[in-house]
> 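To start, I am sharing the structure in question, which I have written as structure tokens.
Hydrogens, waters and symmetry mates play no part in the numbers below; they use all other heavy atoms, side chains included.
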Amino acid sequence: MSAVNLASGAPSSPLSVAAMVSGQGRGSNLGALIDAYAAATIGACMVLVIATRADAPAAERARNAGVPLSIVSPRRFEQDDEAYGEALLRLMRKSAIDLICLAGYTRMLPPAVVDQYRGRIMNIHPGLLPFFGGKGMYGERVHQAVLESGMKVSGCSVHFVDEEYDTGPIIIQIPVPVLEDDTPSSLGQRVLTQEHAAYVQAVQLFAEGRLRIDGRHVRVLSNRAEGVTE
């Protein structure tokens with residue numbers, strides 16, 4: 001596979017970012033991104049949040065922050081994944097989205113969205129991929145599986161999204177020790193703190209044009225001007 005140079009296509013103006021969220025979770029990763037954008041600590045602007053449910057905690061975070069919110073329920077498209085994808089893409093095009101951040105979005109994206117935004121969709125996972133990933137592995141389910149496995153270290157991963165669950169090229173991982181008296185909740189709280197930091201860092205690297213996808217690897221360039229060979 002040829003190298004994909006994300007640096008060369010990085011816009012000089014702030015990235016237009018859309019976040020996608022499901023009904024599960026507290027919306028804290030979305031909150032961390034919104035806070036980073038509001039503080040102007042990264043060269044990006046959250047211009048859209050797409051939620052699967054109006055009552056999702058993350059949807060409420062978007063409302064409170066004044067971020068434009070759209071509700072697109074996958075249930076309306078249960079028999080037509082193509083129509084679901086087109087509904088999402090219409091919103092992305094309308095807001096001229098540069099980067100999509102999945103923040104507690106637990107469904108698989110329609111193929112049309114992945115294809116249109118390949119290399120421009122990120123996800124945060126509460127484990128060290130490729131371990132403890134896949135369909136249904138999110139939140140405390142991951143931390144419970146880590147504890148049951150006897151692993152001495154866990155952590156979080158930010159990765160680009162492809163056509164499968166949690167299999168895209170990994171951008172950043174931050175390890176977190178597993179303590180002897182950990183519960184899924186206590187481990188999850190420590191991992192969550194690192195999730196916030198990792199996601200903001202990954203988006204910043206993208207905004208700076210310093211990420212390059214090379215097969216299964218994501219190279220972090222020292223600066224935007226580095227060349228890329230096929």
> If you round to the nearest 0.5 Å, how far is CZ of F132 from CE of M151?
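Rounded to the nearest 0.5 Å, the CE-CZ separation comes out at 5.0 Å.
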> Run the side chain to side chain donor-acceptor pair (under 3.5 Å) test against S157 and tell me which residues pass, sequence neighbours left out.
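Only Q173 meet the side chain to side chain donor-acceptor pair (under 3.5 Å) criterion with S157.
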> Rounded to the nearest 0.5 Å, how far apart are OG1 of T41 and CG of D35?
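Reported value, rounded in 0.5 Å steps: 9.0 Å.
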> Flag the pair Y37 / P14 as yes when at least one side-chain heavy-atom distance between them is below 4.5 Å, and no otherwise.
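They are not in contact (no side-chain heavy atoms under 4.5 Å apart), so the answer is no.
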> Without placing hydrogens or testing angles, list every side-chain donor-acceptor pair under 3.5 Å for residues 25-34, not counting sequence neighbours.
residue : atom : partner : partner atom : Å
S28     : OG   : H196    : NE2          : 3.1
N29     : ND2  : E195    : OE1          : 2.8

> If Ile, Leu, Val, Met, Phe, Trp and Tyr residues are connected whenever their side-chain heavy atoms lie under 4.5 Å apart, and connections chain through other members, are I174 and M122 in the same group?
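Cluster IDs for I174 and M122 match.
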> Check the hydrophobic clustering (I, L, V, M, F, W, Y; side-chain heavy atoms under 4.5 Å; chains of links allowed) and say if I121 and L88 are grouped together.
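Hydrophobic grouping puts I121 with L88.
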> Side chain of H143, backbone of V191: donor and acceptor closer than 3.5 Å?
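No.
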> Taking the side chain as everything from C-beta on, heavy atoms only, tell me whether T183 gets closer than 4.5 Å to S186.
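Contact flag for T183/S186 side chains = yes.
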> First locate atom CD1 of I172, then atom CD of Q194, and finally report the distance between them rounded to the nearest 0.5 Å.
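Rounded to the nearest 0.5 Å, the CD1-CD separation comes to 11.5 Å.
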> Hey, what do you get for CG (D115) to CG (L109), rounding to the nearest 0.5 Å?
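One gets 12.0 Å once the value is rounded to the nearest 0.5 Å.
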> Scan V72, V113, L91, L102 and name whichever one has a side-chain contact (heavy atoms from CB on, under 4.5 Å) with M20.
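Per the side-chain contact (heavy atoms from CB on, under 4.5 Å) rule, the option paired with M20 is L102, out of V72, V113, L91, L102.
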> Linking I/L/V/M/F/W/Y whenever any side-chain heavy atoms sit under 4.5 Å apart, do L187 and Y138 land together?
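They do not share one cluster, since no chain of ILVMFWY contacts under 4.5 Å joins L187 to Y138.
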> Determine the minimum heavy-atom distance between P169 and G215, stating which atoms define it.
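Distance-wise, the nearest heavy atoms are CG-O, 4.0 Å.
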> Please set out all donor-acceptor pairs under 3.5 angstrom arising from side-chain atoms of residues 45-59, sequence neighbours excluded.
residue : atom : partner : partner atom : Å
T52     : OG1  : G23     : N            : 3.4
R53     : NE   : D55     : OD1          : 2.9
R53     : NH2  : D55     : OD1          : 3.2
R53     : NH2  : D55     : OD2          : 3.3

> How long is the span from the OG atom in S154 to the CG atom in L179, to the nearest 0.5 Å?
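Going from OG on S154 over to CG on L179, the span is 11.0 Å.
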> Check the hydrophobic clustering (I, L, V, M, F, W, Y; side-chain heavy atoms under 4.5 Å; chains of links allowed) and say if V176 and F131 are grouped together.
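Cluster IDs for V176 and F131 match.
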> Write down the atom of D182, the atom of L147, and the distance for their closest heavy-atom approach.
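Here D182 and L147 meet closest at O-CD1, 3.8 Å.
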> Would you tabulate the side-chain donor-acceptor contacts of residues 200-207 under 3.5 Å, counting partners in other chains and residues two or more places apart, or write 'none'?
residue : atom : partner : partner atom : Å
Q204    : OE1  : G43     : N            : 3.1
Q204    : NE2  : E208    : OE2          : 2.6

> Any side-chain heavy atom of E140 within less than 4.5 Å of one from S185?
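SC-SC contact between E140 and S185 confirmed.
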> What pairs with H159 under side chain to side chain donor-acceptor pair (under 3.5 Å), at least two apart in sequence or on another chain?
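Residues passing side chain to side chain donor-acceptor pair (under 3.5 Å) with H159: N123.
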> Count the heavy atoms belonging to other residues, nucleotides or ligands that lie under 6.0 Å from CD of E82, then report whether that count exceeds 12.
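No, CD of E82 has 12 or fewer neighbouring heavy atoms, counting only those of other groups under 6.0 Å.
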> Cation-pi check for F77 against R75: NZ or CZ below 6.0 Å from the six-membered ring centre and within 45 degrees of the axis, yes or no?
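No - R75 does not lie over the ring of F77 by the 6.0 Å and 45° rule.
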> Are R219 and L211 side-chain neighbours, meaning at least one heavy-atom pair lies under 4.5 Å?
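No, too far: nothing below the 4.5 Å cut-off.
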> Would you find a donor on one side and an acceptor on the other, under 3.5 Å apart, between the side chain of S95 and the backbone of M92?
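It does not hold such a pair.
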> Are I170 and Y105 linked, directly or through other ILVMFWY residues, by side chains that come within less than 4.5 angstrom of each other?
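Result: no, two separate clusters.
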> Under a 4.5 Å cut-off applied to non-hydrogen side-chain atoms, are R76 and Y84 in contact?
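No - every pair of side-chain heavy atoms lies 4.5 Å or more apart.
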> What pairs meet the salt bridge (charged side-chain N to carboxylate O under 4.0 Å, His left out) rule with one or both residues in residues 151-167, with sequence neighbours excluded?
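Applying salt bridge (charged side-chain N to carboxylate O under 4.0 Å, His left out) to every pair that reaches into residues 151-167, excluding sequence neighbours, yields R118-E163, K152-E180.
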> Please report the interatomic distance OH(Y199) to SG(C156), rounded to the nearest 0.5 Å.
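Y199 atom OH to C156 atom SG measures 11.5 Å (nearest 0.5 Å).
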> Short question: side chain of R120, backbone of L99 - any donor-acceptor pair under 3.5 Å?
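No; judged by distance alone, with no hydrogens or angles, the pair does not exist.
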> Does P177 offer a backbone N or O that forms a donor-acceptor pair with the side chain of R190 under 3.5 Å?
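Indeed, once roles are kept as given, a pair shorter than 3.5 Å links the two residues.
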> Any sub-3.5 Å donor-acceptor pair from D80's side-chain atoms to A83's backbone N or O?
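Here the side-chain-to-backbone pair exists.
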> Counting distance only, does the side-chain N/O of D98 pair as donor-acceptor with the main-chain N or O of L15 below 3.5 Å?
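Here the side-chain-to-backbone pair does not exist.
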> Looking at L89, is its backbone amide N or carbonyl O close enough to the side chain of Y117 to form a donor-acceptor pair, meaning the two atoms are under 3.5 Å apart?
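The answer is no, because no donor-acceptor pair under 3.5 Å joins these two groups.
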